[in-house]
Amino acid sequence: MAWVTVKDALAGKYAEGTTITAKGWVRTRRDSKAGISFIQLNDGSCMGNLQIVAPATLSNYASEIQHLTSGCAIEADGVLVRSQGQGQAFEIQASAVRIVGLVDDPETYPIQPKAHSYEFLREVAHLRPRTNTFGAVTRVRHAIKQSIHRFLDSQGFCWVNTPIITASDCEGAGQLFRVSTLDLMNLPRTDSGKIDFSQDFFGKEAYLTVSGQLAVEAYCLALSKVYTFGPTFRAENSNTPRHLAEFWMIEPEIAFGDLNDDASLAEALLKAVFKDVLDRCAEDLRFFDERVQKGVIARLEQMVGSEFARIDYGDAVIALQNANKVFEFPVHWGADLQTEHERYLTEEYVGRPVVVMNYPEQIKAFYMRLNDDGKTVAAMDVLAPGIGEIIGGSQREERIDRLDARMVQFGLEPHAYEWYRDFRRYGSVPHAGFGLGFERLVAYVTGMANIRDVIPYPRTPGNAAF
RNA sequence: UCCCAGAUAGCUCAGCGGUAGAGCAAGUGACUGUUAAUCACUGGGUCGCAGGUUCGAUCCCUGCUCUGGGAGCCA
């Protein structure tokens, strides 16, 4: 007897009358005195459940089947038939239903056939994948990740795995998580009383990476088109629906490219992903559209079909100053854009995704390329309606004298960056890249409001359960 | 980290200065194929923690913890 997935059985992949076996977890059981129990079986292969029709003539009907509750694991053998009822095309007329794993105490099983709050489900993050919502999130997350790899591969990019542990404390923004094997109760000290990190595992201070960008730039200046895609860590005490302490980031880097090439790549990547997900995850997206956030499908379709707007930072400031709208924070040239400004630009001023380019040099990172005006750097943010900043990127400073000057300006010691300066000394070329927050992308596609609900086990300040 | 709100049954919530309620879930029974079925009955709570006010606190006050929303930082 062939074991088939619920997805294939519901899709009509097998002929009527085929004898099959389905395996999964019970969502609900309904009994009829006619001598039939209806079991909704889900195996995570798709949103839908397979209806198992279990007749009272089965030997374990009264002893086991009538005691099945939500969450029980079973195997069902039977013939695939057209359903007499509404709601499903096919069902299994069961010849045997075997209990694989019972729910010990049904009253305390957290996942009930009803709506739960996301807050509650976070407390049972190990069981929430059994809900419709988290099953769909998990499938869509997977599809997006595959789509990103497919798109970049098709464009000739090479996936480079940059380190997760880094001993260079110079990756730029963000508070770092320390990595150490020193005994915290008995720290070795130097003569001057400081902690002696020469005795630590790596012989120096080490941290979890906040970005693979610096490391991937080196590979870019050899393989031309590269990207990193891996976990990154920020020890910031941010408590918002858009931040995680551990999240995944996609960071492409292109050689012989400038900021416009960078923006074009960002736009093409986002469109390719959205198109792919619309094609491959139609059922799950319909669920999100109906139950999670109205209009997510239309939003994705619109993104695929429209050109992203591009606007210079200076023009954006003028647009904000001329806006018939009162902002909490006033806008002036030289100030960083606040969330309210970004949302106005993308949602009201242009009404679609917008790339803001060429920011004042004082408010951006040291590695960003100084423009000819001497006042701005070749940095960009991609802003999307409903979420705000989804991508941040820049053309990198490839001229070593300018790079050194900016390091000094930011209070950095160029000698600490010798390896990063090396590839400016040996065959340097213009290059650019960006960072795309993977979970923010998943949240945008699914319409899920809190980023903690688009990653299996969210890590946030004060929370690393599971 | 700052501002605001909240914490009552397994879950979602109502309640009120006089000692606790509903719906769903669970258990039992009824029901000729059901669609988060329906109907009846049953069990289930140190009302977040610690103090204070009061004859009496789940309710009022203070502190703490945790959760959510907004802001900052950013992806």
Side-chain angles (χ1 to χ4, degrees), chain A residues 27-40 42 48-56 66-67 69-71 81-88 91 93 103-124 127 131-132 172-175 210-213 229 231-251 266 291 328-329 336-340 342 363-365 381-384 387-393 434-444 449-453 455 460-463 465:
Chain A
R27 284 292 175 81
T28 63
R29 187 198 87 241
R30 295 178 295 274
D31 298 330
S32 164
K33 201 56 179 179
I36 294 178
S37 284
F38 300 94
I39 300 163
Q40 297 296 329
N42 189 281
N49 303 319
L50 183 59
Q51 177 157 280
I52 312 293
V53 183
Q66 284 197 299
H67 296 284
T69 55
S70 296
V81 297
R82 262 184 205 286
S83 179
Q84 298 171 33
Q86 306 290 309
Q88 60 280 317
E91 64 191 17
Q93 196 68 45
V103 169
D104 292 337
D105 183 3
E107 186 161 5
T108 59
Y109 181 61
I111 310 300
Q112 300 167 5
K114 58 169 284 189
H116 295 285
S117 67
Y118 294 128
E119 292 83 3
F120 169 69
L121 290 172
R122 270 170 228 149
E123 295 171 10
V124 287
L127 295 173
T131 64
N132 285 334
Q175 293 282 99
V210 296
S211 164
Q213 180 202 311
F229 190 172
T232 49
F233 307 86
R234 307 267 169 100
E236 304 282 359
N237 189 16
S238 357
N239 295 284
T240 84
R242 297 180 302 282
H243 290 84
L244 291 165
E246 175 183 302
F247 64 99
W248 288 63
M249 189 155 62
I250 304 106
E251 295 175 281
R291 301 291 186 87
E328 187 185 346
F329 297 93
D336 212 351
L337 300 181
Q338 305 291 314
T339 299
E340 57 175 344
E342 296 182 338
I363 61 172
K364 289 293 181 180
D381 283 345
V382 179
L383 312 177
I387 192 168
E389 182 179 341
I390 193 168
I391 284 177
F434 61 81
L436 167 58
F438 180 62
E439 281 75 17
R440 287 189 180 173
L441 181 61
V442 178
Y444 186 76
N450 195 313
I451 200 166
R452 299 168 194 200
D453 298 325
I455 188 168
T460 53
N463 201 334

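The chains referred to below are lettered A, B, ... by the order of the sequence lines, with proteins before strands, and numbering in each begins at 1.
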Please state the P separation for the pair B:G21 and B:U46 - nearest whole angstrom. 15 Å
With sugar-phosphate meaning primed atoms plus P, OP1 and OP2, does A:Ile390 contact a base, only sugar-phosphate, or nothing at under 4.0 Å between heavy atoms? sugar-phosphate
For the side chain of A:Arg29 and the backbone of A:Gln66, is there at least one donor-acceptor N/O pair under 3.5 Å apart? yes
When rounded to the nearest Å, what value does the distance between C1' atoms of B:A9 and B:C47 take? 10 Å
So which nucleotide from B:A71, B:A37, B:A75 ends up closest to the side chain of A:Met249? B:A75
Using heavy-atom distances to pick each residue's nearest nucleotide on RNA chain B, tell me which of A:Arg452 and A:Ala245 is more 5'. A:Arg452
Roughly how far apart, to the nearest Å, are B:A22 and B:G45 at atom C1'? 14 Å
For A:Phe120, answer base if it contacts any base atom (sugar-phosphate contacts may also be present), sugar-phosphate if it contacts only those atoms, and nothing otherwise; contact means non-hydrogen atoms under 4.0 Å. sugar-phosphate
Confirm from the modelled atom types if A:Ser238 and B:C74 form a donor-acceptor pair under 3.5 Å, side chain to base only. no
Checking A:Asp336 now: which residues fulfil side-chain hydrogen bond (donor to acceptor under 3.5 Å, both in side chains) with it, not counting sequence neighbours? none
Is the phosphate of B:A37, meaning OP1 or OP2, less than 4.0 Å from a side-chain N or O of A:Arg30? yes
Using a 3.5 Å distance criterion without hydrogens, assess whether the side chain of A:Gln88 forms a donor-acceptor pair with backbone atoms of A:Gln86. yes
Looking at every strand, decide which applies to A:Leu244 at a 4.0 Å heavy-atom threshold: base, sugar-phosphate, or nothing. base
Under 4.0 Å protein heavy-atom contact, by nucleotide of nucleotides 23-33 of chain B - B base, S sugar-phosphate only: BBBSSS-SBSB
Check the distance between B:C74's C1' and A:Asp336's CG and give it to me in whole angstrom. 10 Å
For the C1' atoms, the ones on B:G17 and on B:C13, what distance do you get once it is rounded to whole angstrom? 23 Å
Donor-acceptor pair (no angle test) under 3.5 Å: A:His243 side chain, B:C74 base: yes
Rounded to the nearest Å, what distance is computed from the CG atom of residue A:Leu441 to the C1' atom of nucleotide B:C74? 17 Å
Send over the distance from A:Glu123 CD to B:C11 P, rounded to a whole Å. 8 Å
Do any N or O atoms from the side chain of A:Thr240 and from the backbone of A:Arg242 form a donor-acceptor pair under 3.5 angstrom? yes
Between A:Ala449 and A:Asp381, which residue's closest nucleotide on RNA chain B lies nearer the 5′ terminus? A:Ala449
d(CD, A:Gln175; C1', B:A75) in whole Å: 16 Å
Kindly determine whether A:Gln40 and A:Gln51 satisfy side chain to side chain donor-acceptor pair (under 3.5 Å), including the steps that lead there. CA-CA 5 Å; A:Gln40 297 296 329; A:Gln51 177 157 280; 2.8 Å; yes
Give, for atom CZ of A:Arg440 and atom CG of A:Leu244, the distance between the pair rounded to the nearest 0.5 Å. 9.0 Å
Paired nucleotide for B:C73 [Watson-Crick or G-U wobble; both distances under 3.5 Å]: none
Just the rounded figure in Å: distance from P of B:G72 to CD of A:Glu389. 12 Å
Quote, to the nearest angstrom, the C1' distance that separates B:G44 from B:U38. 24 Å
Output the single nucleotide from B:U35, B:G72, B:A75 whose closest atom is nearest the side chain of A:Gln40. B:U35
Calculate the interatomic distance between A:Phe247 atom CZ and B:C74 atom C1'; express it in whole Å. 8 Å
A:Gly392 to A:Asp381 - nearest heavy-atom pair and separation: CA-OD1, 3.6 Å
Pair assignment for B:C39, Watson-Crick or G-U wobble, requiring both distances under 3.5 Å: B:G29
If I take atom CD in residue A:Gln338 and atom C1' in nucleotide B:A71, what distance separates them, rounded to the nearest angstrom? 9 Å
If only atom types and distance count, is the side chain of A:Ser117 paired as donor or acceptor with the main-chain N or O of A:Phe120 below 3.5 Å? yes
Would you please confirm or rule out a distance under 4.0 Å between OP1 or OP2 of B:G68 and any side-chain N or O of A:Arg122? yes
Name the nucleic acid region contacted by A:Gln86, choosing base, sugar-phosphate or nothing; use a 4.0 angstrom heavy-atom cut-off, strictly under. base
Please check if the distance between the ring centroids of A:Phe247 and A:Phe233 is under 6.0 Å. no
Using only heavy-atom distances, decide whether a donor-acceptor pair under 3.5 angstrom links the side-chain of A:Asn49 to the base of B:U35. no
Taking only the side-chain nitrogens and oxygens of A:Asn450, find out if one of them lies under 4.0 Å from OP1 or OP2 of B:G69. yes
Please work out if A:Arg27 contacts a base, only the sugar-phosphate, or nothing of the nucleic acid, heavy-atom cut-off 4.0 Å. nothing
Does a side-chain N or O from A:Ser117 land closer than 4.0 Å to OP1 or OP2 of B:C11, or not? no
Backbone N/O of A:Ile39 and side chain of A:Arg30: donor-acceptor pair under 3.5 Å: no
Please determine, for B:A9, whether a Watson-Crick or G-U wobble partner exists with both distances under 3.5 Å, and give it or none. none
For B:U34, which nucleotide in any strand shown is its Watson-Crick or wobble partner with both distances under 3.5 Å? none
Separation of the C1' atoms in B:C39 and B:C49, to the nearest angstrom: 42 Å
Over how many whole Å does the gap from A:Ile250 atom CD1 to B:A75 atom C1' extend? 9 Å
Applying the Watson-Crick and G-U wobble criteria at under 3.5 Å, what pairs with B:G68? Answer none if nothing qualifies. B:C4
Pair partner, B:U19 [Watson-Crick or wobble, under 3.5 Å]: none
Measure the spacing between OG of A:Ser70 and CG of A:Asn42 and express it to the nearest 0.5 Å. 11.5 Å
When the C1' atoms of B:A37 and B:U32 are considered, how many whole Å apart are they? 14 Å
Using atom P of each nucleotide, how far apart are B:U12 and B:G69 to the nearest Å? 15 Å
